[in-house]
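In what follows, a single structure is set out as structure tokens and then discussed.
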Amino acid sequence: MDFDRPAPELAPALIGATLTVRGCAGIITETEAYSPDDPAAHSYPGPTKRNAAIFGPSGHAYVYRSYGLHWCLSIVGQPGHAVLIRALQPIAGLDLMADRRGTAKRLALGPGNVAQALGITLNDYGRPFGPPEFRITDGAPVDLVTGPRIGITKAADWPRRFGLKGSRYLSRPFPR
DNA sequence: TGATGGATCGCCT
DNA sequence: GGCGATCCATCAG
């Protein structure tokens with residue numbers, strides 16, 4: 001996987017890839033692209049202490065807290081570019097995920113749930129993807145669906161949400 | 001130095 | 001479908 005590219009290219013490329021984190025793994029079914037020219041992106045105001053990882057090397061994790069209580073995981077592309085992981089189809093470590101989630105349903109649908117299921121916290125801020133226990137591996141080519149983004153107020157209608165076509169493992173359906 | 005407002009989720013009706 | 005929980009970087013004064 002070549003991470004060193006703009007988010008709008010990297011986000012669709014990640015769909016169908018497998019994300020492995022410390023014994024848990026899932027197929028990436030939903031992503032959103034955030035580029036530095038995007039008013040909704042955390043990198044939009046330029047580098048700060050909080051978003052420093054987005055301006056660091058590609059293929060690293062950018063972790064942030066959402067609404068004061070959820071962790072969310074993004075993957076850094078070119079400087080200033082990041083891709084939010086919004087949903088996974090769990091394929092390994094289901095018991096551990098269910099344990100962390102407190103339920104066996106919707107194990108990793110929605111960015112907050114993905115991070116919770118995988119045990120992602122600020123400890124993983126800036127961590128590189130690559131080692132066996134923390135990596136992303138390419139999947140077979142897949143069909144995609146595209147739509148407006150979720151949960152943001154600025155430029156929400158930019159078609160920068162990507163999903164695995166026909167998947168049951170989406171945080172929400174895509175509009176037609 | 002204080003106020004503000006999110007790349008959300010789950011429970012309640 | 002509507003709302004409360006709860007943190008902290010950023011911005012205004």
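The shown structure was predicted, so the numbers you read here are calculated from the model rather than taken from an experiment. In what follows, every chain begins at residue 1, and chains take the letters A, B, ... in the order their sequences are listed. Below, each value reflects all heavy atoms present in this structure, side chains not excepted, and no hydrogens, waters or symmetry copies.
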So do [Y] and [X] actually touch side chain to side chain, heavy atoms under 4.5 Å?
| X | Y | result |
| --- | --- | --- |
| A:L164 | A:Y169 | no |
| A:I75 | A:L14 | yes |
| A:Y64 | A:L84 | yes |
| A:P6 | A:S35 | no |
| A:F134 | A:D124 | yes |
| A:I120 | A:V63 | yes |
| A:V83 | A:E32 | no |
| A:I85 | A:T31 | yes |

Short side-chain donor-acceptor distance under 3.5 Å, [Y] and [X]:
| X | Y | answer |
| --- | --- | --- |
| A:R101 | A:Q116 | yes |
| A:E30 | A:S171 | yes |
| A:R86 | A:T29 | no |

Strictly below 4.0 Å, N to O, side chains only: are A:D95 and A:R100 in salt-bridge contact?
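No, A:D95 and A:R100 are not salt-bridged.
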
Does the distance from a Lys or Arg side-chain N to an Asp or Glu carboxylate O, for A:R22 and A:E133, drop under 4.0 Å?
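No, no charged N to carboxylate O under 4.0 Å.
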
First-last contacting nucleotides on DNA chain C - partner chain A, under 4.0 angstrom, heavy atom:
C:dA5 to C:dT10

Using a 6.0 Å cut-off, check whether atom CZ of A:R172 has over 12 heavy atoms from anything other than its own residue.
no

How about A:Y44: does its OH atom have over 12 heavy atoms from other parts shown lying under 6.0 Å from it?
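Counting other residues, nucleotides and ligands, OH of A:Y44 stays at 12 neighbours or fewer.
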
Of residues 77-107 of chain A, the positions that come close to DNA chain B - non-hydrogen atoms, cut-off under 4.0 Å:
A:L84, A:R86, A:R101

Return the residues of residues 18-50 of chain A meeting this criterion: a heavy atom under 4.0 Å from some atom of DNA chain B. Order them by number, or give none.
A:Y34, A:A40, A:H42

Between B:dC9 (P) and A:I150 (CD1): distance, integer Å
9 Å

CD1 of A:I54 versus P of B:dA7: gap in Å, rounded?
11 Å

A:A104 and A:A98: which non-hydrogen atoms are nearest, and at how many Å?
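Minimum heavy-atom contact is CA-CB, 4.1 Å.
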
Could you give the distance separating B:dG10 and C:dC8 at their C1' atoms, to the nearest angstrom?
23 Å

C1' gap between B:dC9 and C:dA9, integer Å:
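Here B:dC9 and C:dA9 have their C1' atoms 22 Å from each other.
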
Below 4.0 angstrom, which residues in residues 108-126 of chain A have at least one non-hydrogen atom near DNA chain C?
none

Within residues 61-71 of chain A, find the residues that approach DNA chain C with a heavy atom at under 4.0 Å, and present them sorted by residue number.
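Listed by number, they are A:R65, A:Y67, A:G68, A:L69.
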
Sort out for me which residue in A:K154, A:H81, A:R149 forms a side chain to side chain contact (heavy atoms under 4.5 Å, CB included) with A:D38.
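So the option named by the test is A:R149.
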
Just the dot-bracket of DNA chain B, please: which string comes out with Watson-Crick or G-U pairs under 3.5 Å, [ ] for crossing, | for another strand?
||||||.|||||.

Can the ring centres of A:H42 and A:Y34 be said to be less than 6.0 Å apart?
no

